[in-house]
Amino acid sequence: MSRTAVFPLRDYNLAATLNSGQAFRWREENGAWENIVAGRWVRLRVNDKTLHAQVAKPQKDWQWLTDYLQLEVNLKKILADFPEDDPHLAAAKKTCRGLRLLKQDPWETLAGFICSSNKQIVQIQQIIGELCDRYGEPAHAGWKTFPTAVRLAATTEADLRDCRMGYRAKYLHASASMIASNEVDLTAIATLDYLDAQTELKRLPGIGPKVADCILLFAYGFPEAFPIDTWVLKALRQLYFPRRRPTPRQLHTFIREHFAPYHGYAQQYLFHHVRTHDGLLSGNQKT
DNA sequence: CCCCAGGTCCCGC
DNA sequence: GCGGGACATGGG
C-alpha cells in the first residue's frame, strides 16, 4: 500500500497526450499534471523516462491508472501499421512523437464531448471545470469528482446553462436523464461492435457521428473510430483530395481503407499535427 | 460588426 | 440522402 508509484515509460509523451483535446480536466502545476481519474485525485510527473504517480490515499493496486494511460500499449507496433506510402502521416509521426490515446470513463467523455460542439478546446475546459465545481463531490485539495449522470439528471436545464454551455445544456440534461434511467446502457455499449455502438450512442441528444466517434475512441477504445471535426476534415480534403471535394461516401470509403487498422490513432496524429502546426493548412472550406 | 469554434438538429428539396 | 441555417457563448 503506497501513495506513490513509479512506472517505466516507452514512447510516451505525457504532456502531448494530456493536452491533445481528448481529455478536458488535466491541469499542469510546476511541471506536474493533476486530475481526478477513476474517482481519485492523482498527480503525475515524468523524469528521465519514468512516470511518477502520487495519490491522496494509499493504493493496493494501480490498474485504474495503467488502464487510463494505456501504459501497456505498444505504440511502436501501432505506428508501424500506419500506411507506408503516406507522407502526411509520416510527418505527423515525427511531430507527434509519443502521442497516445487514453482510455477514459465513458460517461465523463460523453458529457465532455456533448459540450464540445462548436466550441474551442479552452472553452470546453472552462465549461467542464464549472460543471465539476458545481455538481461534483469533493475529492482532494479543492478538486471535485466528475458529476454522475444521476446528479446531472437531478439538475435543471437552466442549472446547466449557468455553466456557460449555452444550447448544449438541453442536450446534456436530456442525455444524462436517459443514462440515469438506464434507457441507454453505457456498460453494454462496450460489448457491441463498432457500428452498433455508434448507432446506440447517437440515440442520445447532442450526439452525432463526430461526438459518437470521440466517445468510442477516447473511452471505449474502438480502434476504427475516426472523429471528423473541422480540423480533420480540412486536413483530409487538402492533403488527400487536393483536386476535387470528395462526397461523404467517398471520404468514408477512403478513411476505412487507407487508415486501417488503427484509424483512430491516425486521426489523432493528423489532428494533433495540423493543430500544432498551423500554416500546413490554408483557407477555410467549411461548407 | 465581422468570423469562428474537436457539431447537431431540423427543415425543405 | 444533402444543403442550408439556427443555435449560446466567448475570443480574435
Side-chain angles (χ1 to χ4, degrees), chain A residues 16-26 92 96 99-102 104 108-131 156-176 178 184 198-220 222 225-238 244-253 255 259 263-287:
Chain A
T17 300
L18 301 185
N19 218 359
S20 61
Q22 49 181 321
F24 300 118
R25 286 194 80 191
W26 286 98
C96 307
L99 178 63
R100 300 289 192 126
L101 291 176
L102 301 168
Q104 302 177 71
E108 177 170 348
T109 309
L110 184 157
F113 277 95
I114 281 181
C115 298
S116 78
S117 75
N118 221 16
K119 275 288 181 200
Q120 293 185 107
I121 289 178
V122 203
Q123 294 175 333
I124 304 165
Q125 293 167 335
Q126 216 169 15
I127 292 168
I128 297 304
E130 192 74 35
L131 194 64
T156 67
E157 183 188 326
D159 290 335
L160 297 183
R161 198 173 279 257
D162 286 342
C163 298
R164 295 187 268 180
M165 64 180 74
Y167 63 87
R168 301 158 196 81
K170 179 182 296 193
Y171 298 148
L172 183 57
H173 189 259
S175 286
M178 289 175 69
V184 167
Q198 199 199 45
T199 302
E200 186 65 9
L201 281 176
K202 286 194 292 189
R203 291 179 52 212
L204 294 164
I207 300 188
K210 189 272 176 183
V211 168
D213 269 356
C214 285
I215 301 163
L216 292 172
L217 187 60
F218 302 142
Y220 290 99
F222 282 92
F226 191 99
I228 304 176
D229 73 312
T230 51
W231 287 93
V232 170
L233 180 60
K234 202 159 72 164
L236 288 173
R237 283 177 175 168
Q238 294 193 21
R244 65 178 179 11
R245 171 166 308 189
T247 65
R249 180 95 181 86
Q250 291 175 309
L251 200 56
H252 282 102
T253 302
I255 290 168
F259 295 112
H263 310 77
Y265 265 95
Q267 182 277 161
Q268 191 67 3
Y269 271 67
L270 279 179
F271 175 75
H272 197 259
H273 182 53
V274 298
R275 202 169 72 89
T276 53
H277 296 77
D278 207 3
L280 284 175
L281 304 177
S282 55
N284 272 318
Q285 319 178 7
K286 184 160 187 174
T287 54

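By convention in this document, chain letters (A, B, ...) are assigned in the order of the sequence lines, proteins followed by strands, and residues within each chain are numbered from 1.
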> Is A:Phe271 stacked on the base of B:dG6 when the test is centres under 5.5 angstrom and planes under 30 degrees?
Replying inline: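 By the stated criterion, A:Phe271 and B:dG6 stack.
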Separation of [N] [atom2] from [X] [atom1] (nearest whole Å):
| X | N | atom1 | atom2 | result |
| --- | --- | --- | --- | --- |
| A:Leu110 | B:dG6 | CG | C1' | 15 Å |
| A:Gln120 | C:dG11 | CD | P | 9 Å |
| A:Lys119 | C:dA8 | NZ | C1' | 6 Å |
| A:Asp229 | B:dT8 | CG | P | 10 Å |
| A:Tyr171 | C:dT9 | OH | P | 14 Å |
| A:Lys170 | B:dC9 | NZ | C1' | 11 Å |
| A:Leu204 | B:dG7 | CG | P | 18 Å |
| A:Leu233 | B:dT8 | CG | P | 12 Å |

How far, in whole Å, is [M] from [N] if one measures between their [atom1] atoms?
| N | M | atom1 | value |
| --- | --- | --- | --- |
| B:dC9 | C:dG10 | P | 23 Å |
| B:dC2 | C:dG5 | P | 15 Å |
| B:dC3 | C:dA6 | P | 12 Å |

>> Working note: A:Leu217 + A:Gln22, criterion side chain to side chain contact (heavy atoms under 4.5 Å, CB included); need CA distance, chi angles, decisive distance, verdict.
In response: CA-CA 9 Å; A:Leu217 187 60; A:Gln22 49 181 321; over 6 Å; no
I need the [X] [atom1] to [Y] [atom2] distance, nearest 0.5 Å.
| X | Y | atom1 | atom2 | result |
| --- | --- | --- | --- | --- |
| A:Gln250 | A:Arg244 | CD | CZ | 5.0 Å |
| A:Leu236 | A:Trp231 | CG | CH2 | 14.0 Å |
| A:Gln238 | A:Leu233 | CD | CG | 10.0 Å |

> If you take atom types as modelled and just measure distance, does the side chain of A:Lys210 reach the base of B:dT8 with a donor-acceptor pair under 3.5 Å?
Replying inline: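 No such pair is found, so the answer is no.
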>> Once hydrogens and angles are ignored, does a donor-acceptor distance under 3.5 Å link the base of B:dG7 to the side chain of A:Tyr167?
In response: yes
> So does A:Thr230 get a side-chain nitrogen or oxygen closer than 4.0 Å to the phosphate oxygens (OP1/OP2) of B:dG7?
Replying inline: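 Checking A:Thr230 against B:dG7: at least one side-chain N or O falls below 4.0 Å of OP1 or OP2.
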> In terms of side-chain heavy atoms of A:Pro209, which of B:dG7, C:dC2, B:dT8 is nearest?
Replying inline: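 Within the option list, the nearest is B:dT8.
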>> Strictly distance-based, threshold 3.5 Å: is any side-chain N or O of A:His272 a donor or acceptor partner for the main-chain N or O of A:Gln268?
In response: no
> Taking the six-membered ring where the residue is Trp, are the ring centres of A:Phe24 and A:Phe113 under 6.0 Å apart?
Replying inline: yes
>> Check the orientation of A:Phe222 and A:Tyr220. Use parallel for under 30°, tilted for 30 to 60°, and perpendicular for over 60°.
In response: tilted
Scan [X] against the nucleic acid and name what it touches under 4.0 Å (heavy atoms): base, sugar-phosphate only, or nothing.
| X | result |
| --- | --- |
| A:Gln125 | nothing |
| A:Arg168 | base |
| A:Gly21 | base |
| A:Ser175 | nothing |
| A:Val122 | nothing |

>> Using a strict heavy-atom distance below 4.0 Å, which residues from residues 211-220 of chain A are in contact with DNA chain B?
In response: A:Val211, A:Phe218
> Taking A:Met165 as the fixed residue, which of A:Ile128, A:Leu131, A:Ile114 is the one that meets the side chain to side chain contact (heavy atoms under 4.5 Å, CB included) rule?
Replying inline: A:Leu131
